[in-house]
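Let me begin by presenting the structure, written as structure tokens, before commenting on it.
We're numbering straight along the sequence, starting at 1.
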Amino acid sequence: MTPTERLYYSDPFLFRFTGRVLAHGTWNGAPSVVLDRSAFYPEAGGQMADRGVLGGRAIRDVQVDDEGVVHHVLELPEGVSLPEAGTKLAGEIDRLRRRTHMALHTGQHMLSRALVDVANAHTVSSRLGETLCTIDVDLDVLDERRVAEAEDLVNSIIDDDIVIRAFFPTPEELAALPLRRAPKVTDNIRVIQMGDFDVSPCGGTHCTRSAQVGMVRVLGVERYKGKGRVLFSAGRRARTGLWEEAGTLRTLGKSFSCGPLDVPASVDKLRRDLTESREALGAARAKLAESTAAELATQAEQSPGKPVVAVLDGATPEYLRSVATRLTSRPEAVVLLAGRTPEGLSVLITRGSGSNFGCGAFLKRAAEAAGGRGGGRPEHAEGRLPPTTDWPAIVASLLG
């Protein structure tokens with residue numbers, strides 16, 4: 001089948017066109033329309049496919065096969081057939097998506113070039129995703145300061161508004177060009193030239209002037225599968241991300257009664273205050289646990305040989321552990337504590353070093369009796385029972 005004439009090669013800003021149906025095809029089991037000419041970009045080279053409308057039907061996917069035939073997969077209601085061969089169809093590209101991809105792809109070329117110039121980091125692969133774009137380079141570690149310099153260099157080129165040319169050079173012209181990387185194909189090699197800044201083979205859609213990119217923003221640097229990875233954005237997507245972050249910062253500023261730029265200092269102060277409050281709360285809880293333990297120890301002394309059984313309102317498992325630690329300093333101690341909260345009854349059973357009380361086995365029996373859960377070792381066990389559980393009554397019944 002004759003390869004599809006790709007109209008975006010000569011004009012990436014062509015958003016409306018007409019094409020004639022040559023044939024029907026299939027792509028991944030879905031029926032497709034093959035046109036003689038198309039402005040829809042098929043997924044390739046790390047760039048996602050265009051979307052839009054063809055013949056009044058929404059485009060679900062656009063792909064290209066090894067023969068250069070572009071397959072347009074349409075959203076078709078059940079029972080509706082594809083347009084017949086010979087039919088002329090009007091196509092309209094989703095302009096916003098196309099412009100987003102143009103900025104991202106052009107920005108990727110520029111950032112890849114800048115990473116070579118600034119950090120001697122050569123791109124081995126790139127991906128322009130729906131939400132995230134990445135460049136993987138041949139260095140296992142990337143210096144973030146160098147990456148920031150590369151970002152600054154790219155944005156200075158954007159400000160200079162240089163001309164970006166897409167063309168098919170002759171073999172002689174191609175041999176004389178300072179390509180940043182070798183072509184992936186051997187015939188009909190298309191080149192994207194950005195003034196004197198970068199020359200790369202590529203079949204994607206790109207801006208025609210650098211200012212159309214708007215901006216390139218590095219979002220992070222990480223290590224991925226033994227390679228350095230740069231996460232970036234460009235154009236409208238980068239601006240949208242910045243506005244969202246700025247809006248969040250302004251909202252935080254209002255909450256802290258400060259300007260957006262003072263939010264970090266306010267957060268640091270809040271963190272220090274929280275640390276101090278936690279330390280004070282911890283000290284208060286320790287004193288309260290000491291007092292509770294002393295009171296329960298006094299009761300135990302009045303009933304020697306009997307386990308300590310108590311229900312502490314609002315006590316968390318951590319608080320129960322703190323109290324139990326103080327009580328089990330006596331070797332013969334057996335402690336059966338419960339903390340009542342709206343969520344349920346937290347139960348802790350533990351013993352002193354001189355006791356042979358089976359804590360885990362006892363809690364298992366208690367959980368079965370009350371309809372709860374829990375378990376543990378012979379020397380210590382924890383669990384949770386329903387909030388209405390009468391803990392002293394269960395203990396009394398199981399101890400006989």
request  = Would you verify whether the NZ or CZ of Arg229 falls within 45 degrees of the ring axis of Tyr224 while also being under 6.0 Å from that six-membered ring's centre?
outcome  = yes
ask   = Are Lys88 and Thr18 side-chain neighbours, meaning at least one heavy-atom pair lies under 4.5 Å?
value = no
query = Quick one: are Arg190 and Asn188 in side-chain contact, heavy atoms under 4.5 Å?
reply = no
inquiry  = Looking at Asp65 and Glu67, would you say the former's side chain and the latter's main chain have a donor-acceptor pair under 3.5 Å?
reply    = yes
ask   = Are the side chain of Ser210 and the backbone of Asp161 linked by a donor-acceptor contact shorter than 3.5 Å?
value = yes
query = Do other residues, nucleotides or ligands put more than 12 heavy atoms under 6.0 Å from the CD atom of Glu84?
reply = no
inquiry  = Could you check whether any side-chain N or O of Thr26 sits under 3.5 Å from a backbone N or O of Gly29, counting only pairs where one atom can act as donor and the other as acceptor?
reply    = no
ask   = Do Arg236 and Thr240 have a side chain donor and acceptor closer than 3.5 Å?
value = no
ask   = Do any N or O atoms from the side chain of Arg180 and from the backbone of Ser200 form a donor-acceptor pair under 3.5 angstrom?
value = no
ask   = Got a sec, which pairs hit side-chain hydrogen bond (donor to acceptor under 3.5 Å, both in side chains) with one end in residues 352-379, sequence neighbours left out?
value = Arg377-Glu379
task = To the nearest 0.5 angstrom, please state how far the CG atom of Leu76 sits from the OG atom of Ser81.
result = 8.0 Å
key: From Arg51 atom CZ to Asp94 atom CG, the distance as rounded to the nearest 0.5 Å   = 9.5 Å
task = To the nearest 0.5 Å, tell me how far Thr131 OG1 sits from Arg237 CZ.
result = 7.0 Å
ask   = Can you list every pair that meets side-chain hydrogen bond (donor to acceptor under 3.5 Å, both in side chains) and has a residue in residues 259-268, with sequence neighbours left out?
value = Asp268-Arg271
key: Charged N-O contact under 4.0 Å between Arg217 and Glu151   = no
query = Under a 4.0 Å N-O cut-off, is there an ion pair linking Glu149 with Arg146?
reply = yes
key: Side-chain (Tyr41) to main-chain (Ala44) donor-acceptor, under 3.5 angstrom   = yes
request  = Please assess Phe40 against Tyr8 for the test ring-ring contact (aromatic ring centres under 6.0 Å, His included), listing each intermediate value before the final yes or no.
outcome  = CA-CA 7 Å; Phe40 283 101; Tyr8 57 82; 9.8 Å; no
ask   = Hey, does the side chain of Asp138 reach the backbone of His122 with a donor-acceptor pair shorter than 3.5 angstrom?
value = yes
task = Flag this pair as yes if the NZ/CZ of Arg165 is under 6.0 angstrom from the six-membered ring centre of Phe167 and inside a 45 degree cone about the axis; otherwise no.
result = yes
ask   = Any side-chain heavy atom of Asp273 sitting closer than 4.5 Å to one from Glu276?
value = yes
Got a list of side-chain donor-acceptor pairs under 3.5 Å for residues 293-317, not counting sequence neighbours?
| unit_1 | atom_1 | unit_2 | atom_2 | d |
| --- | --- | --- | --- | --- |
| Thr298 | OG1 | Ala294 | O | 3.0 |
| Thr316 | OG1 | Glu318 | OE1 | 3.3 |
| Thr316 | OG1 | Tyr319 | N | 3.2 |

ask   = Taking the six-membered ring for Trp, are Trp391 and Phe362 parallel (under 30°), tilted (30 to 60°) or perpendicular (over 60°)?
value = perpendicular
ask   = For Ala49, does its backbone N or O pair with a side-chain atom of Arg97 as donor and acceptor, under 3.5 Å?
value = yes
Side-chain (Thr4) to main-chain (Arg37) donor-acceptor, under 3.5 angstrom = no
ask   = Hey, does the side chain of Ser126 reach the backbone of Ile135 with a donor-acceptor pair shorter than 3.5 angstrom?
value = no
ask   = Taking His206 as the fixed residue, which of Gln47, His101, His109 is the one that meets the side-chain hydrogen bond (donor to acceptor under 3.5 Å, both in side chains) rule?
value = His109
query = With distance as the sole test, does Ser346 use its side chain to make a donor-acceptor pair with the main-chain N or O of Ala338 at under 3.5 Å?
reply = no
